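It should be emphasised that the depicted structure is a prediction, and the values quoted were computed from it without experimental measurement. Letters A, B, ... mirror the listed sequences (proteins, then strands); counts begin at 1.
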Number of protein chains: 2
Amino acid sequence: MSTRDWRPKYLQLAEELRRQILSGQLAAGTALPSETELADHWDLSRTSVRNAIRMLRDWGLVRAEQGRGTYVRAPRQRVRRRNTERYQWEKDRALLSEEDRRREGGAEHDTGLSVDDLKFHAEYAEQGADEGLAEAFGVEVGTKLLRRTYWTSSRHESAPLSFSHSYLPLDVISSNPDLLDASKEPWPGGTQHQLSTVGVEVDRIVDEIRARPPSPDEAELLEIDSGVSVLTVRKTSIDNDGRVVEVADVVFPGDRTELVYTNKLKRWKT
Amino acid sequence: MSTRDWRPKYLQLAEELRRQILSGQLAAGTALPSETELADHWDLSRTSVRNAIRMLRDWGLVRAEQGRGTYVRAPRQRVRRRNTERYQWEKDRALLSEEDRRREGGAEHDTGLSVDDLKFHAEYAEQGADEGLAEAFGVEVGTKLLRRTYWTSSRHESAPLSFSHSYLPLDVISSNPDLLDASKEPWPGGTQHQLSTVGVEVDRIVDEIRARPPSPDEAELLEIDSGVSVLTVRKTSIDNDGRVVEVADVVFPGDRTELVYTNKLKRWKT
DNA sequence: GAGTGGTCTAGACCACTGT
DNA sequence: CAGTGGTCTAGACCACTCC
């Protein structure tokens with residue numbers, strides 16, 4: 001450098017490392033030089049090096065692992081979830097034969113990955129509605145709900161693509177005992193078909209989208225640092241009678257997810 | 001404390017300050033004790049105090065201002081934007097008389113604030129389409145566009161509620177010179193009415209939603225720290241002929257925005 | 001000029017991971 | 001065990017704001 005650089009040194013280091021990562025010079029999955037090495041090579045204190053690395057973590061470019069090293073994260077391939085089309089597609093599919101429903105799952109619809117590339121986990125438990133859920137369902141606090149926890153991940157990456165809790169009122173689904181059995185998952189046809197077995201037709205689905213910092217649990221599970229936000233979707237399914245039949249809270253890693261909604265407008269009268 | 005606390009000290013301090021902020025003990029707008037004061041009272045080094053404050057900043061609870069102090073941010077009132085309904089409402093309104101259109105603006109529809117509470121800014125400029133915009137519009141790179149920059153803020157807070165760039169192809173709008181005149185803003189009836197003056201009816205609007213760290217410019221403008229994510233919406237409006245007539249990139253502060261989409265499903269045949 | 005947050009140093013000990 | 005990142009100290013100087 002011929003002229004002096006007025007930016008703080010830790011930022012210069014952060015941007016140089018960023019450049020190396022984006023150019024592929026530091027490939028995904030490889031370790032950064034250790035903090036002491038960087039401090040030596042750049043003639044900086046370890047504090048300043050850590051400051052630079054914190055930038056890279058906030059940018060979602062690297063991930064630090066205690067005792068092991070700091071690793072370049074996989075390139076940010078965003079998963080597009082086209083929810084408007086997805087929900088209608090799920091509804092149409094609920095009327096098909098089991099064979100047809102088995103043919104393709106919802107996660108593949110989002111990711112373009114085949115079923116062999118995906119891992120799927122489900123856990124069921126019963127719980128009473130807390131204040132937030134009671135309000136979402138329009139029922140009394142303590143009303144019994146089935147809580148279903150899902151996570152889906154690619155076989156090529158350990159971090160889940162999404163993580164969700166889905167809640168169903170027990171009194172809506174109790175007439176079909178299969179719906180209480182987690183071992184039936186992944187259920188061909190998804191939630192809308194499950195609800196159809198107890199006579200429920202979903203009329204509309206409202207999605208509320210937010211971004212917030214991850215809880216420590218979420219950061220670990222999604223393999224993101226606490227500086228990277230999560231995208232959350234509160235999905236509320238309402239049946240033909242205006243009754244809330246499912247509430248789901250879905251959490252996505254904010255830096256690798258894209259949600260798409262298509263809003264069709266009514267034609268003007270000509 | 002009777003038993004030893006195993007958490008790092010900076011985290012204990014961060015959580016204590018968080019508690020005080022959420023309980024109202026440290027009110028919005030007030031300054032935190034200075035870093036040296038906190039270090040003295042808690043018997044910590046200034047480094048550890050700064051580490052704690054960094055947590056609070058990432059959580060969006062405080063904002064540091066160089067040379068002045070660290071201030072508690074306004075309570076996180078989320079602005080709900082119900083886009084599905086908003087877009088249809090805008091379309092319906094485009095057919096009304098000017099008097100009726102003047103009565104209420106789009107931002108009020110989102111926030112519940114009256115027009116007196118809102119400040120509005122617009123800037124117009126012409127530019128050629130870069131690669132990303134050319135792809136979004138389905139036109140050649142360099143095609144002339146009108147770029148309109150908007151920001152809307154509440155009179156009670158300096159930080160904008162949102163910030164956006166909207167792009168219109170010049171050849172679509174050139175037949176109405178008023179559309180090139182920024183001084184006509186805020187335009188009663190919004191973009192859909194503007195387009196209606198050149199014979200365009202919007203058929204559908206596709207929203208693509210992402211979360212990412214803010215650029216330094218955005219962080220300053222939205223008065224958030226670099227640890228707080230922004231929510232971005234790429235809004236694409238398509239007319240009756242399938243032509244892309246507007247592309248807008250809207251940026252929201254991630255910790256105070258909620259986007260809502262209502263997905264109406266087709267009834268099963270009975 | 002006094003006080004604030006921003007940058008930076010040169011150490012130290014710890015918890016955790018690998019071998 | 002050596003090496004890594006996580007926590008922590010006790011200083012220092014700077015840029016900035018306000019009086």
Ring pair (Phe, Tyr, Trp, His ring centres under 6.0 Å) against B:Tyr261, all qualifying residues, sequence neighbours excluded: A:Tyr261
Can you sort out the partners of A:Phe163 under ring pair (Phe, Tyr, Trp, His ring centres under 6.0 Å), two or more places apart, ordered by chain and number? A:Trp151, A:His165
Once you apply a heavy-atom cut-off of 4.0 Å, does A:Arg57 come out as touching a base, just sugar-phosphate, or nothing? sugar-phosphate
Base, sugar-phosphate alone, or nothing: which one does A:Arg54 contact when heavy atoms must sit under 4.0 Å apart? nothing
Dot-bracket notation for DNA chain C, counting Watson-Crick and G-U pairs under 3.5 Å, with | for partners on another strand: |||||||||||||||||..
I'd like to compare against my own output: the B/S/- annotation of nucleotides 10-19 of chain C with a strict under-4.0 Å heavy-atom distance to protein. B-B--BBBS-
Any residue meeting side-chain contact (heavy atoms from CB on, under 4.5 Å) with [X], in chain and number order, not counting sequence neighbours:
X: A:Arg50; answer: A:Glu35, A:Arg46
X: A:Glu135; answer: none
X: A:Arg57; answer: A:Ile53, A:Val62, A:Ala64, A:Asp225
X: A:Glu15; answer: A:Arg7, A:Leu11, A:Trp59

In whole angstroms, how far is the P atom of D:dC8 from the CG atom of B:Asp43? 12 Å
Among all residues two or more places apart in sequence or in another chain, which pass the side chain to side chain donor-acceptor pair (under 3.5 Å) test with B:Glu258? A:Arg210, B:Arg80
